[in-house]
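Here's the structure we're looking at; comments come further down.
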Amino acid sequence: MTEPQCGQVRPPTPFGLRSATIRVSLIFVGVALVSLILGDIEITTENPWAEMLRFASGFLSPSLDSVDTLTTALLRTVGFAFVGVALGSMAGYLLMLFFDRPVVRGFCAFIRAIHELFWALIFLQFFGLHPLTGVLAIAIPYAGVFAKVYAEISDETDPLPGLVLPPARSRLIQTLFLKIPQAFANIKSYTAYRLECGFRSSAILGFVGLPTLGFYLESAFVQGHYSEVAAMLMLFYLLIATMRWWLRPKLLPLYLLASPFFLGEGLPIVWSNVGRFFTEDIVPAPLKSGLSWSSPEALWAWFSPIATEQILPGLWNTVILTQIALVATAVLTLLSFILVSRHFGGPRRRSVGHLLLVIGRSTPEYILAYMLLQLWGPSMLPAVVALALHNGCIIGHLIGRQSNELTLSPGASTGSDRYFFELLPRLYRPFLAFLFYRWEIIMRETAILGVLGIYTLGFYIDSAIENIRFDVALLLILVTAMLNIAIDMFSRKLRTGLRLTTMPTPDVP
């Protein structure tokens with residue numbers, strides 16, 4: 001299509017959106033529809049409704065009989081989160097100071113591309129059920145996330161002080177004394193948000209045996225004690241919903257000092273196992289037999305069946321599930337943000353909406369997928385619903401909060417016209433920006449759901465670890481990391497190409 005000449009009026013696009021934005025949106029919807037046809041989307045249990053009714057009745061009558069167990073589970077969940085996030089934040093701060101260097105950026109991209117659950121599975125092989133396993137599983141990927149976000153916050157600070165003050169001798173000095181003081185409020189706010197994420201990460205580590213909430217929740221769910229499951233989840237929601245009251249800056253030193261005492265005790269670390277893991281266990285099988293890297297035939301004979309039987313099927317299912325979940329997240333976001341928008345209801349309705357979104361975004365997608373798998377059977381459907389609910393509620397909360405900052409004219413339309421022609425055109429670009437930002441995160445979450453039995457890359461990683469084939473497991477984890485890095489790079493280019501920002505458009509085009 002040629003550009004309109006001077007004096008001509010550009011043809012209008014639906015809802016006032018740029019044609020490129022609409023095309024990209026339709027492409028993603030089309031890919032998701034094709035993926036939906038190719039994916040395994042079905043309910044396989046014989047009588048899912050009966051089990052769902054039992055589950056619902058358990059939520060209507062939560063049991064607090066095991067108070068000691070619930071208290072221990074929550075304290076350990078909070079302890080792992082505080083210690084892991086604190087270490088990750090400090091390491092991320094140090095890495096941020098050198099984030100302009102390609103080696104540091106690449107290192108951070110790699111460590112954050114591997115999910116906390118995969119890090120835990122790695123450390124379990126030589127640390128066992130030791131507190132260090134859980135702490136490092138959270139701290140390492142979070143360090144990569146913190147470094148990236150802290151650097152982005154620092155780069156968005158006002159450059160004027162650097163122009164009027166004497167020039168700094170190095171970028172490090174400029175960052176420490178000019179950028180960090182300006183960005184401190186945003187850094188503090190983001191760190192508090194990551195602590196909430198740390199609670200969710202800590203909770204799901206229980207599914208690999210660590211003594212956090214997930215361990216007790218899985219045990220209660222398998223036994224059909226749905227009232228105990230309900231009590232655990234409600235206390236977890238209460239923990240996150242009340243963070244603004246108990247997470248006071250003055251109390252942080254106390255929390256950090258006390259947290260290590262609630263991590264529990266593990267067996268002593270056998271350091272010879274650590275050395276053997278890195279020098280023998282993860283070495284490809286042909287190299288253990290005395291062959292060298294100069295024997296491509298033997299290495300290909302080892303790699304070829306792994307590629308055809310595990311890597312390619314795992315990649316295929318991971319990408320299919322991710323694209324379905326991404327568009328399902330988009331649909332849920334566009335439906336859910338009106339629950340908390342002041343332009344569509346009064347304070348009472350918004351309070352109920354906030355409660356629903358808090359529950360949705362506070363429930364770890366792994367825990368939700370686990371519960372739905374027990375109710376509906378093994379397929380992609382539980383994973384799609386879990387990913388869409390968790391991520392849709394997160395983005396819906398952000399977009400709803402942005403809609404409250406918009407001012408409409410006194411004669412603005414109402415009902416569906418207000419939604420489609422007043423708010424959606426001004427919120428769609430930040431909505432897409434947040435969605436594409438979550439794309440790589442959804443991919444990471446899709447991979448780990450394979451541990452639950454869905455045939456994504458995580459399924460093959462978990463199977464390789466169970467079969468004590470750590471060389472294969474490490475190869476699959478590296479493939480997962482490369483896939484996440486590729487999606488992150490493509491998403492960033494897409495956001496740049498469409499000029500997407502997380503700020504709403506001031507006026508309707």
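None of these values were measured; they are calculated from a predicted model.
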Where the side chain of W119 meets the backbone of I114, is there a donor-acceptor pair that is under 3.5 Å apart? yes
As a quick check of understanding, evaluate side chain to side chain contact (heavy atoms under 4.5 Å, CB included) for F431 and L424, giving each step before the final call. CA-CA 9 Å; F431 152 73; L424 189 58; 6.0 Å; no
Taken in chain and number order and not counting sequence neighbours, the residues that satisfy side chain to side chain donor-acceptor pair (under 3.5 Å) with N273 are R276
Value rounded to 0.5 Å, distance of CD1 in I448 from CG in L457: 12.5 Å
If you count heavy atoms of other groups shown closer than 6.0 angstrom to CZ of F277, is the number above 12? yes
At what distance, to the nearest 0.5 angstrom, does CG of L213 lie from OG1 of T72? 11.5 Å
Taking all heavy atoms of A113 and all of N484, pick out the closest pair and write down the distance. O-ND2, 2.6 Å
Minimal heavy-atom distance between A386 and L368, with the atoms involved, is CA-CD2, 3.6 Å
With sequence neighbours excluded, give me every salt bridge (charged side-chain N to carboxylate O under 4.0 Å, His left out) pair touching residues 217-227. none
Quick check: does any side chain N or O of T133 sit under 3.5 Å from a backbone N or O of G128, one acting as donor and the other as acceptor? yes
Can you see which heavy atom on I399 is nearest to which on P430, and at what distance? CD1-C, 4.0 Å
Under 4.5 Å between any side-chain heavy atoms of V451 and F459, yes or no? no
Using the ring centroid of each side chain, check whether F221 and Y226 are separated by less than 6.0 Å. yes
Count the heavy atoms belonging to other residues, nucleotides or ligands that lie under 6.0 Å from CE of M489, then report whether that count exceeds 12. no
Within the 4.5 Å heavy-atom criterion, are L205 and I138 side-chain neighbours or not? yes
Approximate separation, where rounding is to 0.5 Å, of L449 CG and T322 OG1: 9.5 Å
Gap separating the CG atom of L136 from the CZ atom of F80, nearest 0.5 angstrom: 10.5 Å
Give the minimum heavy-atom separation between L332 and A388, together with the two atoms involved. CD2-O, 3.1 Å
Assign the ring pair F123 / F126 to parallel, tilted or perpendicular, where the plane angle (0 to 90°) is split at 30° and 60°. perpendicular
Show me the donor-acceptor pairs within less than 3.5 Å that the side chains of residues 262-270 make with the rest of the protein, sequence neighbours left out.
none

With sequence neighbours excluded, tell me which residues meet side-chain contact (heavy atoms from CB on, under 4.5 Å) with P260. V83
Heavy-atom side-chain contact between I395 and T329 under 4.5 Å: yes
Pairs touching residues 243-258 that satisfy side chain to side chain donor-acceptor pair (under 3.5 Å), sequence neighbours left out: T242-W246
Between T446 (side chain) and T318 (backbone), is there a donor-acceptor pair under 3.5 Å? no
Taking the side chain as everything from C-beta on, heavy atoms only, tell me whether V479 gets closer than 4.5 Å to L483. no
F261 atom CZ, neighbour heavy-atom count above 12 within 6.0 Å: no
Would you call F59 and M234 a side-chain contact if the rule is heavy atoms closer than 4.5 Å? yes
Tell me if a side-chain donor or acceptor on Q125 pairs with a main-chain N or O of L121 at a distance below 3.5 Å. yes
Answer yes or no: is there a donor N or O on one side and an acceptor on the other, between the side chain of S336 and the main chain of C393, under 3.5 Å? no
What pairs of residues pass the side chain to side chain donor-acceptor pair (under 3.5 Å) test when at least one of them lies in residues 351-372, not counting sequence neighbours? Y237-T363, E365-H390
Which atom pair, heavy atoms only, marks the closest approach of T333 to G396? CG2-N, 3.7 Å
Check: L87 and M90 side chains under 4.5 Å, non-hydrogen atoms: yes
Keeping N391 on the side-chain end and L387 on the backbone end, is there a donor-acceptor pair under 3.5 Å? yes
Working note: L423 + I338, criterion side chain to side chain contact (heavy atoms under 4.5 Å, CB included); need CA distance, chi angles, decisive distance, verdict. CA-CA 10 Å; L423 290 175; I338 63 177; over 6 Å; no
Does H115 have any side chain to side chain donor-acceptor pair (under 3.5 Å) partners at least two apart in sequence or in another chain, and if so, which? none
I need the full list of ring pair (Phe, Tyr, Trp, His ring centres under 6.0 Å) pairs touching residues 322-345, with sequence neighbours left out, sorted by first then second residue. F337-Y419
Do L94 and Y150 have side chains that approach each other closer than 4.5 Å (heavy atoms only, starting at C-beta)? no
Who are the side-chain contact (heavy atoms from CB on, under 4.5 Å) partners of V78, not counting sequence neighbours? F82, F199, L239
Side chains of V24 and F436, heavy atoms from C-beta outward: is any pair under 4.5 Å? yes
All heavy atoms of C108 vs all of L95, minimum pair found to be SG-CD1, 3.8 Å
Does Q323 form a side chain to side chain contact (heavy atoms under 4.5 Å, CB included) with L326? I'd like the steps, not just the answer. CA-CA 5 Å; Q323 295 312 115; L326 184 70; 4.1 Å; yes
The complete set of side chain to side chain donor-acceptor pair (under 3.5 Å) pairs with one or both residues in residues 196-205, sequence neighbours excluded, reads E116-S201, Y142-S201, E196-R200
Parallel under 30°, tilted from 30 to 60°, perpendicular over 60°: which one fits the rings of F28 and W439? perpendicular
With side chain to side chain contact (heavy atoms under 4.5 Å, CB included) as the criterion, how do R426 and Q402 come out once you've worked through the C-alpha distance, each side chain's angles and the decisive distance to 0.1 Å? CA-CA 10 Å; R426 300 164 71 176; Q402 287 194 349; over 6 Å; no
With a 3.5 Å distance limit and no angle check, can you tell me whether R350 reaches the backbone of G345 through a side-chain donor-acceptor pair? yes
In Å, rounded to the nearest 0.5 Å, how long is the span from CG of L432 to CG of L500? 5.5 Å
Residues at least two apart in sequence or cross-chain that pass salt bridge (Lys or Arg N to Asp or Glu O under 4.0 Å) with R342, listed by chain then number, are none
Residues that D488 engages under salt bridge (Lys or Arg N to Asp or Glu O under 4.0 Å), provided they are two or more places apart: R112, K148, R492
Does A447 offer a backbone N or O that forms a donor-acceptor pair with the side chain of T456 under 3.5 Å? yes
Going from CD on E422 to OG on S403, what distance comes out if it is rounded to the nearest 0.5 angstrom? 13.0 Å
